[in-house]
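Worksheet: the structure to be examined is printed underneath.
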Amino acid sequence: MLSRCRPLLGTFVEITVPDGAEIAIAAAFAAVSHVQERMSFHEETSDLAAMRRAPPGDKVAVSAETVAVLSAALAFYRQSDGLFDITIGSDLVRDGFLPRPPGSLPGRCRGTSADIEIVDELHVRCHAPMLIDLGGIAKGYAVDQAVRALQAQGVIAGLVNAGGDMRMFGHEEWPIMLRDGDGRMREHLSLANCAIASSANLRDRRWRLGRWRTPHIGVNRAPVVARGRTTIVAPDCMTADAMTKIAMADRALAYALLASLSGQLFSERQRGAQH
Amino acid sequence: MARIDWISLLSLPALMATTSPAFSADYLTVADAQRILLPQAQSFAAYPVTLNPAQMAQIRAISGVAQRTAQPRVWRALVAGRTAGWVIVDEVVGKHEFITYATGITADGHVTGVEILSYRETKGGQVRDPRWRGLFRGKTVKDKFKLNQDIPNISGATLSCRNITDGVKRLLAIHAVALAQVG
């Protein structure tokens, strides 16, 4: 096996394939780069920027991949009764986790996912001003796209890891360590042919103006202050990625949804328990 | 001899607790990275650069990031004796990590790619299970890892590559002040 690693999606993307298959790695990184270019919150040339600039109600041309992610995000929005909402961009800008896009007024961007319409495979429409952030789902999708690219090149086994959200394919089992909210690793799993994603915010939160600010927004748009790590194992990485956000905010809802998604939830053990 | 043994024994626990890498991986040699970043180059020649204080200040002004070493590790990519681009190998030190990476830059100052050469975690992520700890030691890029004995993959809160993004800005500034004029 050999691995390559590049800085992409704001994190480190590592691709591992069998010896002799390194030629396929370029296609996999290209698939990840494409997701970054189309779905970046920061890039003014992304599909998200085009949707932000368009007047509400206008049809906007976007890539097929962006439509795929938006469709999946809207399905999670409906299934979670609005808990998973990609229009939290304005909250994240307000709390300093994302930069304010040029020309935007985050205070006025009050649209929700219910205001997003998928017109067709290459067009969408936003019926209210909004700031969409795909940070809770696009990384997982990028991992899935990289795996599809490797498989299309005939690679029979491999692993794609985007900063801890990863998917592995082939018959062999892969050792996976779980990093707890405090940065330590106490547990590990052995997984084959599935995806895993984790979230934590112990080290990524701040107290400002009388309340906690975290990059995870939950029930009633309140920041989620999680005690520990939340890990989801699912058949694909987009599901695992999105479900970690739901599980952090509402554990019971996550259990209910995971039953139909063939997913599993692994929470960080409470401190004081033996290890 | 006995005294040396004692010193090494005494210093061992402290080393394990503070500087022992929790996770480390080697991805590419410098030569491999050069070929990936500038595949059209016929050869790469080490290009010694010593930045003067004025250039160091300029790099900081352009990139917003301080350049720590006055002697960056630069290779000149050549095609038929002419400059086809540059490869700079650089290091960034984060709160928990030490990363070596290579950036390819065209002769006119565009990034062709960034490849991580090695990643070392320094502290905060110590592995408790000694069965796992043993796996991290002494891995080099030449080792052919076997499945199941590979470097364990870690799932947790997402790591930021912000340091690398800032580093690449700094390398582009090095190109602008010290390499762009080279024919």
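This one's a predicted model, so the numbers in the text were calculated from it and none came from an experiment. Letters go in sequence order (proteins before strands), and every chain restarts at 1.
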If you count heavy atoms of other groups shown closer than 6.0 angstrom to CD of A/Gln264, is the number above 12? no

Non-hydrogen atoms of chain B under 4.5 Å away: do they reach the side chain of A/Ala26, the backbone, both or neither? neither

Residue set satisfying side-chain hydrogen bond (donor to acceptor under 3.5 Å, both in side chains) with A/Asp95, at least two apart, ordered chain then number -> A/Arg213

Using a heavy-atom cutoff of under 4.5 Å, enumerate the residues of residues 137-144 of chain A that contact chain B, numbered in order, or state 'none'. A/Lys139

Report yes if the side chains of A/Leu2 and B/Tyr27 come closer than 4.5 Å at any heavy-atom pair, otherwise no. no

Point-to-point distance, once rounded to the nearest 0.5 Å, from CE of A/Met177 to CD1 of B/Ile154: 6.5 Å

Side-chain heavy atoms of A/Arg6 within contact of B/Ile36, under 4.5 Å: yes

Could you measure the distance from the CG atom of A/Asn161 to the OG atom of B/Ser155? Nearest 0.5 Å is fine. 7.5 Å

Max heavy-atom pairs within cutoff under 4.5 Å with chain B, candidates A/Leu9, A/Thr11, A/Leu8, goes to A/Thr11

Go through the atoms of B/Tyr101 and report whether side chain, backbone, both or neither lie under 4.5 Å from a heavy atom of chain A. neither

Take atom CZ in B/Arg162; do more than 12 heavy atoms of anything else shown fall under 6.0 Å from it? no

Where on A/Leu159 is there a heavy atom nearer than 4.5 Å to chain B: the side chain, the backbone, both, or neither? side chain

Ranked by heavy-atom pairs below 4.5 Å to chain A, first place among B/Val168, B/Thr165, B/Ile164, B/Ile116 goes to B/Ile116

Under a 4.0 Å threshold between the charged nitrogen and the carboxylate oxygen, would B/Glu115 count as salt-bridged to A/Arg4? no

Are any non-hydrogen side-chain atoms of B/Asn153 and A/Glu14 less than 4.5 angstrom apart? yes

Give a yes or no on this: more than 12 heavy atoms of other residues, nucleotides or ligands lie within 6.0 Å of atom CZ of B/Arg68. no

